[in-house]
Amino acid sequence: MKLILFLGVLFLAACGGSSDKKTTEQTDSAKTPELVLKWESDSSLKVPESVLFDKANQVLYVSNIDGKNAWEADGKGSIGKVGLDGKVITAEWVSGLQGPKGMGMFNGKLYVADLGNIVVIDIAAGKIEKSIPIEGATGLNDISIDPNGVIYVTEMLSKKLYKVENDKAEIVLENLKKPNGVLFYENELYLLDDGGLYKVNQDKSLSLIVDGMEGGTDGIENVQGNEFIVSCWEGALWYIKADGSKHLLMDTRAEKRSTADIGFDPETKTVYVPTFFRNTVVAYELR
């Protein structure tokens with residue numbers, strides 16, 4: 001009888017230990033990541049609006065608006081280069097742009113949304129190769145490129161989403177509210193519009209994933225699976241989980257520090273944040 005009771009106690013203890021471990025693992029997996037500051041560049045950048053991580057060349061490209069009016073064609077715009085250690089390699093690597101914003105890469109070329117044109121830069125040469133005009137566009141904003149080189153670009157002022165293939169543009173969506181960030185990921189197209197994150201369906205309808213992100217939804221990056229980071233221009237970063245819930249990672253609105261169109265390195269889980277009028281890029285590790 002004593003032996004049976006002893007074995008029973010051991011069994012209950014083992015079950016309790018297993019249950020506690022399982023609960024801990026579930027809690028850990030359900031945790032919302034946090035941002036840990038890595039570095040901030042100097043302020044030699046010129047109103048940085050967007051950051052793009054280039055894995056092959058281990059560098060960051062930064063679009064500089066260099067002016068108070070983001071939609072003015074003043075010829076002051078440029079693309080800068082920043083090292084992964086936060087040192088500004090050159091504030092104006094490629095100059096002669098107007099109001100450059102979102103960027104994308106494909107086959108050694110850097111594509112930049114620049115008011116009414118998509119400017120194509122040869123990365124190896126560091127020179128503008130050509131411009132692709134988008135008829136009727138004056139406020140091109142963000143770019144994402146699919147594996148076949150098809151470009152998706154938002155137009156903030158006319159409230160449209162374009163698809164550009166073989167240098168020819170066609171309208172995918174119109175009558176939007178405030179279209180900005182766009183992301184092609186795993187054969188799906190995602191769009192930020194007026195505080196909401198949407199998936200663009202094959203029939204060109206929109207499926208809402210999450211809304212309520214005030215302050216000018218700007219950049220979107222995939223973290224893993226169906227989880228994303230979204231930036232809002234006024235100063236907020238949101239983490240979007242696979243279940244569609246949103247979690248505020250950072251809020252710098254009180255100190256008037258913008259968080260514009262972010263970049264992301266999925267291997268080191270580093271988020272690169274352009275601060276617009278503060279003229280810096282800040283790097284955070286996502287933990």
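Treat the numbers as computed from the prediction; the structure is a model and nothing was measured. Every heavy atom of this structure was used, including side-chain atoms; hydrogens, water molecules and symmetry mates were not.
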**Asp211 bridged to Lys246 by N-O distance under 4.0 Å** = no

**Prompt:** Between the side chains of Ser158 and Glu155, is a donor N or O closer than 3.5 angstrom to an acceptor N or O?
**Reply:** yes

**Prompt:** Could Lys101 and Trp71 be counted as a cation-pi pair, given that NZ or CZ must be under 6.0 Å from the ring centre and within 45° of the axis?
**Reply:** yes

**Request:** Hey, could you give me the OH/CH2 distance between Tyr284 and Trp39, rounded to the nearest 0.5 Å?
**Result:** 10.5 Å

**Request:** Using side chain to side chain contact (heavy atoms under 4.5 Å, CB included) as the criterion, list what pairs up with Lys256, not counting sequence neighbours.
**Result:** none

**Prompt:** Between the side chains of Asn201 and Ser207, is a donor N or O closer than 3.5 angstrom to an acceptor N or O?
**Reply:** yes

**Fill in**
Here the gap from Ser63 atom OG to Asp114 atom CG, rounded to the nearest 0.5 Å, amounts to 9.5 Å

**Message:** So does Ser41 get a backbone contact from the side chain of Thr280, meaning a donor-acceptor N/O pair under 3.5 Å?
**Reply:** no

**Message:** Looking at Asp122 and Ala125, would you say the former's side chain and the latter's main chain have a donor-acceptor pair under 3.5 Å?
**Reply:** yes

**Prompt:** Does atom CD of Gln202 have more than 12 heavy-atom neighbours from other groups under 6.0 Å away?
**Reply:** no

**Message:** List the residues meeting side chain to side chain contact (heavy atoms under 4.5 Å, CB included) with Lys55, not counting sequence neighbours, and say none if there are none.
**Reply:** Phe53, Gln58, Glu267

**Message:** Tell me whether Ser231 contacts the main-chain N or O of Ala260 through its side chain, where contact means a donor paired with an acceptor under 3.5 Å.
**Reply:** yes

**Item:** Check against salt bridge (Lys or Arg N to Asp or Glu O under 4.0 Å), Lys241 and Asp243
**Value:** CA-CA 5 Å; Lys241 292 192 173 182; Asp243 61 4; over 6 Å; no

**Message:** Just to verify, what does Lys68 make a side chain to side chain contact (heavy atoms under 4.5 Å, CB included) with, not counting sequence neighbours?
**Reply:** none

**Prompt:** By side chain to side chain contact (heavy atoms under 4.5 Å, CB included), which residues pair with Asn107, not counting sequence neighbours?
**Reply:** none

**Asked** Can you pull the ring pair (Phe, Tyr, Trp, His ring centres under 6.0 Å) pairs that have at least one residue in residues 161-188, sequence neighbours excluded?
**Response** Tyr152-Phe184

**Request:** Spell out, as yes or no, whether a donor-acceptor pair under 3.5 Å connects the side chain of Gln98 to the backbone of Gly75.
**Result:** yes

**hydrophobic_cluster_shared for Ile128 and Met103, side chain cutoff 4.5 Å** = yes

**Message:** Could you check whether any side-chain N or O of Asp193 sits under 3.5 Å from a backbone N or O of Gly196, counting only pairs where one atom can act as donor and the other as acceptor?
**Reply:** no

**Request:** With sequence neighbours excluded, give me every ring pair (Phe, Tyr, Trp, His ring centres under 6.0 Å) pair touching residues 115-140.
**Result:** none

**Request:** Check Leu192, Thr259, Asn180, Val230 against Asp218 for a side-chain contact (heavy atoms from CB on, under 4.5 Å) and give me the one that passes.
**Result:** Asn180

**Message:** Looking at Glu129 and Lys109, is any side-chain nitrogen of the basic one under 4.0 Å from a carboxylate oxygen of the acidic one?
**Reply:** yes

